[in-house]
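The next block holds one structure in the form of structure tokens; read it before the comments.
Chain naming here is simple, since letters A, B, ... match the order of the sequence lines and numbering starts at 1 in each.
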2 protein chains.
Amino acid sequence: MAKQVKKEDSAGTQVMLDDKDLSILRLLQQNARITVKEISDKVHLSTTPIHERIRRMEETGVIRQYAALVDHARVKKGLTVICYVSLKQHNRNAGARFIKSILDMPEVIECYNISGEFDFMLKVVAENMDAYYDFHVNKLSQAENLGHVQSIFVMGVIKQVQVSI
Amino acid sequence: MAKQVKKEDSAGTQVMLDDKDLSILRLLQQNARITVKEISDKVHLSTTPIHERIRRMEETGVIRQYAALVDHARVKKGLTVICYVSLKQHNRNAGARFIKSILDMPEVIECYNISGEFDFMLKVVAENMDAYYDFHVNKLSQAENLGHVQSIFVMGVIKQVQVSI
DNA sequence: ACTGAAAGACACAGACT
DNA sequence: AGTCTGTGTCTTTCAGT
């Protein structure tokens with residue numbers, strides 16, 4: 001089992017899932033490396049339909065990716081920062097250029113378009129405060145059309161789960 | 001390959017990883033279902049050491065979990081909300097009770113202790129605005145010792161990656 | 001620490017109900 | 001829709017370097 005998930009880009013299309021799909025999905029959210037055989041034992045179906053249902057959820061983009069989740073505190077990325085950004089101008093091109101520059105910054109592991117005072121929320125991981133300062137001053141602040149930036153530091157992780165359905 | 005990752009709870013202990021470990025980790029962050037054989041081809045080692053290195057990273061808590069990442073927009077959880085919460089009192093017991101109640105709310109998929117004006121940041125997924133309103137009024141706001149709540153709505157996902165090292 | 005081999009388990013496709 | 005069966009591939013362990 002080695003292939004990457006390929007996302008079909010019919011953006012935002014709802015996919016109908018029955019109870020068995022949801023059971024399978026929950027198991028995969030908890031443990032992406034569970035075997036099809038184990039799923040089939042728990043869901044009371046043989047392996048073939050499990051296979052087909054997983055393949056369908058991969059192809060329709062319900063399953064975006066299988067990922068190993070890393071404890072950043074243990075691998076020299078101890079600092080997580082929530083970063084709010086507003087742009088000076090809000091035309092389409094300005095936004096697109098900012099997004100493009102964000103996609104190229106490996107420190108930024110999440111970015112959302114948000115409502116309210118700011119335009120974007122970023123989740124940034126860095127080795128330490130010096131590294132974050134460098135990112136802030138030399139990378140993020142160099143993005144053209146940047147307005148205001150506000151940084152909020154994560155002091156502790158209370159909860160991080162994937163099971164959402 | 002079916003076992004869950006077991007986290008050793010020597011909280012926050014740094015784990016030393018060499019370049020080969022990091023290569024393996026990057027591959028697993030991109031695709032948790034990659035085969036050991038494929039990793040061994042890319043990292044130029046045979047399967048045995050790959051196995052041992054992965055097992056070590058699982059046992060030391062570097063790899064927290066293998067997870068299928070779901071596109072919430074496609075599975076009737078179209079609304080993501082960033083939610084800031086402050087408490088009235090900041091003693092240890094009050095915080096612990098709030099955390100306990102958060103851990104019991106399936107709508108809350110992430111929760112962080114943060115610096116600044118608010119005490120916690122939550123990421124909440126809901127089916128729609130009605131469902132979020134219900135969560136806000138009937139669940140979150142019922143938590144004892146709750147001060148202020150501010151909701152920021154996610155209008156679009158720009159980036160969500162796992163590769164952080 | 002690593003290589004190579006070998007046994008058992010698994011994924012995945014095919015024929016069938 | 002699903003079960004059953006088979007083949008090739010993978011995981012995982014172990015002896016050896």
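Ion pairing of B:Glu38 with B:Lys42 is absent here, as no side-chain N (NZ or NE/NH1/NH2) approaches a carboxylate O to less than 4.0 Å. Ion pair B:Arg97/B:Glu144 flagged as a salt bridge, since at least one NZ, NE, NH1 or NH2 atom sits closer than 4.0 Å to an Asp/Glu carboxylate oxygen.
To the nearest angstrom, P of D:dT12 lies 13 Å from CD1 of B:Ile50. Here D:dA1 presents its C1' atom at 18 Å from NE2 of A:His44, a figure rounded to the nearest Å. Taking atom NZ on A:Lys37 and atom P on C:dC12, their separation rounds to 15 Å, with Å as the unit. One can place CG of A:Asp18 at 8 Å from P of D:dG2, the figure rounded to the nearest angstrom. Atom P of nucleotide C:dG4 and atom NE2 of B:His51 are separated by 17 Å, given to the nearest angstrom. Following rounding to the nearest Å, A:Arg56 (CZ) and D:dA1 (P) show an atom-to-atom distance of 9 Å. Summarising the geometry, the separation between NZ on A:Lys20 and C1' on D:dG2 is reported as 9 Å, rounded to the nearest angstrom. In this structure, B:Ile39 places its CD1 atom 14 Å from P of C:dC2, rounding to the nearest Å.
Among the nucleotides D:dG2, C:dA11, C:dT3, the one closest to the side chain of A:Pro49 is D:dG2. Nearest to the side chain of B:Thr35, among C:dT3, D:dC10, C:dC12, sits D:dC10. Of the candidate nucleotides D:dC10, C:dA11, C:dC2, C:dA11 has the atom nearest to the side chain of A:Val36.
Side-chain atoms of B:Tyr112 and A:Gln160 form a donor-acceptor pair, as typed in the model, at a separation below 3.5 Å. There is no side-chain donor-acceptor pair under 3.5 Å between A:His72 and A:Thr80.
Here A:Arg53 reaches the OP1 or OP2 of D:dG2: one of its side-chain N or O atoms lies under 4.0 Å away.
Between the side chain of A:Thr48 and the base of D:dC4 there is at least one donor-acceptor pair of N/O atoms closer than 3.5 Å.
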